2 protein chains.
Amino acid sequence: MKQDTQILYELSRRLKSPYDELFINSAEFGKLLGVSQQSSSRYLTRLESRGLIERKVTGRGQSIRLTERGVEALRKMHTELENFFRTHAEIQVRGRVVKGLGEGAYYIGKYSERLKDALGFEPYQGTLNLDVKGKFSPERAKTIRIEGFKEGNRCFGDITCIPASISHGKSKVDCWIIIPERSHHRDELELIGKFNFRKKLGLRDGDVVEVSFS
Amino acid sequence: MKQDTQILYELSRRLKSPYDELFINSAEFGKLLGVSQQSSSRYLTRLESRGLIERKVTGRGQSIRLTERGVEALRKMHTELENFFRTHAEIQVRGRVVKGLGEGAYYIGKYSERLKDALGFEPYQGTLNLDVKGKFSPERAKTIRIEGFKEGNRCFGDITCIPASISHGKSKVDCWIIIPERSHHRDELELIGKFNFRKKLGLRDGDVVEVSFS
DNA sequence: ATTACTAGTTCCCGAGTAT
DNA sequence: TATACTCGGGAACTAGTAA
């Protein structure tokens, strides 16, 4: 296992810039790495012999700076992490499939016609519930509003729908996040779509899926 | 030495996003790390037990994804590298002190009055030469132009000056980069200032210094 | 196929210490 | 004071192999 980069990284944390230098003794540098003075010294001589750092060793410590090659090694790591974390236009939330209360199917049935009008298709009569541990915040999302209605003496409130997609493994299908007017489950996300997602994506309780929306 | 992060990093290089998953067998993952199938397997079970990754192990390989905690470990590293590499408003060039040709002092003497007019002080009669291996490119720098003149039948060309600062260790002093009209030494930087920099900063040939300018 | 345990080997760590 | 070498003990590696 390459550990050179790990040491270069710990060094970089103590430098203000790639051209800065650190004056330190091998015992103190060892503490930064969680190793002994001897190992620290060994690491530093090794990094120097590999052309990743330059040192001026004195009787009172040593000044350490990265060489061009050392900086390049860190820059490569930085670039790859930058790419990994680059925020996509899409907002992504990861959630875990959980059992719904069975209410979903009932309500989708009641709203069926209105959903068909708004979304352009008649949704599968059931919801997929995801545990997202409060990580969902739809502030900036595009939404579609479905107005509430009364049936007899029962009230059915407004619903907000967010077009999204759900992906699991290599599969990705369109879906809609639905948010009842008075949402009580802040930690759960309710999804509807053309299909039974559990069958379509082969989902079981506890599976982790990713929901993307704009 | 902590190597967990190094392994997480190698994993992240194979993922499209923090929520992506990688299907791979332990032998192949070992190759990515440069270790055996057995070590690779040991690493993965350890990372899992530490809550840094989640796995679904099957008879044909395993799908691996980062946990929230694993993502956080990488994000911390990314943030610190971001800080380390953050481009300052200042442009920084690192150079190595080299012997000049002795011409510097002669020319500074000739331009002395004009430099005093332009820069506001009479410079030390000598230059500090830095080997910058072609890394210096003053495209966007603020410059001060000093016009050339004739003395008898000798021509002294225009000079471009860039206000800058030179730092070495903890010391940092103002200086000017001077660029003769027909600069022949693309790999060298010539600096002037109020002082003898070699004395002021305790410089010797081969020392690395940093020059900053805007 | 895999994963991952056991066992034997390598090599790394750090205490002691020379310089 | 430092750095960094030697060397004994142990951690970590991998070959073999069970599941």
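Note that these values count all heavy atoms, side chains included, but never hydrogens, waters or copies made by symmetry. Every value quoted in this text rests on a predicted model; they were computed, and no experiment measured them. Chain identifiers are assigned alphabetically (A, B, ...) following the order of the sequence lines, protein sequences preceding nucleic acid strands; residue numbering begins at 1 within each chain.
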Novice: Categorize B:Tyr43 for me: base, sugar-phosphate, or nothing, with a 4.0 angstrom heavy-atom threshold over every strand shown.
Specialist: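 Sugar-phosphate contact only.
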Novice: Using a strict cut-off of less than 4.0 Å between a Lys/Arg side-chain nitrogen and an Asp/Glu carboxylate oxygen, indicate whether A:Glu28 and A:Lys31 qualify as a salt bridge.
Specialist: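 A salt bridge links A:Glu28 with A:Lys31.
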Novice: By ring-ring contact (aromatic ring centres under 6.0 Å, His included), which residues pair with A:Phe121, not counting sequence neighbours?
Specialist: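 In terms of ring-ring contact (aromatic ring centres under 6.0 Å, His included), with neighbours along the sequence ignored, A:Phe121 is linked to A:Trp176.
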Novice: To the nearest angstrom, how far is B:Leu33 atom CG from D:dC13 atom C1'?
Specialist: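 The distance from CG of B:Leu33 to C1' of D:dC13 comes to 13 Å, rounded to the nearest Å.
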Novice: Rounded to the Å, how far apart are A:Phe29 CZ and D:dT3 C1'?
Specialist: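 Rounded to whole Å, this separation is 15 Å.
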Novice: Under the criterion salt bridge (charged side-chain N to carboxylate O under 4.0 Å, His left out), I'd like the reasoning laid out for A:Asp4 against A:Arg50: C-alpha separation, chi angles, the key distance, then a yes or no.
Specialist: CA-CA 9 Å; A:Asp4 286 2; A:Arg50 289 179 185 166; 2.7 Å; yes
Novice: Let me know the distance between CG of A:Asn25 and P of D:dT1, rounded to the nearest Å.
Specialist: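 Spelled out: CG on A:Asn25 to P on D:dT1 is 12 Å.
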Novice: Look only at the side chain of A:Thr67 and the backbone of A:Glu54, and say whether a donor-acceptor pair between them is shorter than 3.5 Å.
Specialist: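 No.
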Novice: Any carboxylate oxygen within less than 4.0 angstrom of a Lys/Arg side-chain nitrogen, looking at A:Glu80 and B:Arg13?
Specialist: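 Yes.
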Novice: Taking NZ, NE, NH1 and NH2 as the nitrogens, is one of them in A:Lys194 or A:Glu122 under 4.0 Å from a carboxylate oxygen of the other?
Specialist: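 The answer is no: the pair does not qualify as a salt bridge.
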Novice: With a 4.0 Å cut-off on N to O distance, would you call B:Arg55 and B:Glu48 a salt bridge?
Specialist: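 Yes, B:Arg55 and B:Glu48 are salt-bridged.
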Novice: Where along residues 44-55 of chain A does a heavy atom fall under 4.0 Å from DNA chain D?
Specialist: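 Those residues are A:Thr45, A:Arg55.
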Novice: Between B:Asp205 and B:Arg198, is the closest basic N to carboxylate O distance under 4.0 Å?
Specialist: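 Salt bridge between B:Arg198 and B:Asp205, a charged N being under 4.0 Å from a carboxylate O: yes.
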Novice: Could you walk me through whether B:Ile7 and B:Leu47 pass the side-chain contact (heavy atoms from CB on, under 4.5 Å) check?
Specialist: CA-CA 9 Å; B:Ile7 302 168; B:Leu47 286 181; 3.5 Å; yes
Novice: What residues form a ring-ring contact (aromatic ring centres under 6.0 Å, His included) with A:Tyr9, not counting sequence neighbours?
Specialist: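 Testing A:Tyr9 for ring-ring contact (aromatic ring centres under 6.0 Å, His included), a comparison that skips the adjacent residues, returns none.
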Novice: Applying a 4.0 Å non-hydrogen cut-off, can you work out what A:Gly61 is touching in the nucleic acid: base, sugar-phosphate, or nothing?
Specialist: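 Sugar-phosphate, no base atom in range.
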Novice: Could you check how far CD of A:Gln62 sits from C1' of D:dT1, rounded to whole Å?
Specialist: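 Answer to the nearest Å: 14 Å.
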Novice: Using only side-chain N and O atoms of A:Ser41, determine if any of them is under 4.0 Å from OP1 or OP2 of D:dT3.
Specialist: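 Checking D:dT3 against A:Ser41, no side-chain N or O comes under 4.0 Å of OP1 or OP2.
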Novice: May I ask you to decide if A:Leu22's main-chain N or O and A:Ser63's side chain share a donor-acceptor pair within less than 3.5 Å?
Specialist: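 No.
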Novice: Quantified as the angle between the terminal helix axes (five pairs each), what is the overall bend of the helix from C:dT2-D:dA19 to C:dT19-D:dA2 to 10 degrees?
Specialist: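 That helix gives 40° between its end axes.
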Novice: Can you give the first and last nucleotides of DNA chain C, 5' to 3', that have an atom under 4.0 Å from a heavy atom of chain B?
Specialist: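 Contact span on the strand: C:dA1 to C:dC5.
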Novice: Among B:Asp207, B:Val209, B:Val208, find the one that has a side chain to side chain contact (heavy atoms under 4.5 Å, CB included) with B:Arg96.
Specialist: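 Among B:Asp207, B:Val209, B:Val208, the one that satisfies the side chain to side chain contact (heavy atoms under 4.5 Å, CB included) with B:Arg96 is B:Val208.
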Novice: Using a 4.5 Å cut-off on heavy atoms from C-beta on, say whether the side chain of A:Ile166 contacts that of A:Lys172.
Specialist: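 A:Lys172 vs A:Ile166: side chains apart.
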Novice: Summarise how protein sits on nucleotides 14-19 of chain D as a single string, 5' to 3': B when a protein heavy atom is under 4.0 Å from the base, S for sugar-phosphate-only contact, - for no contact.
Specialist: BBB---
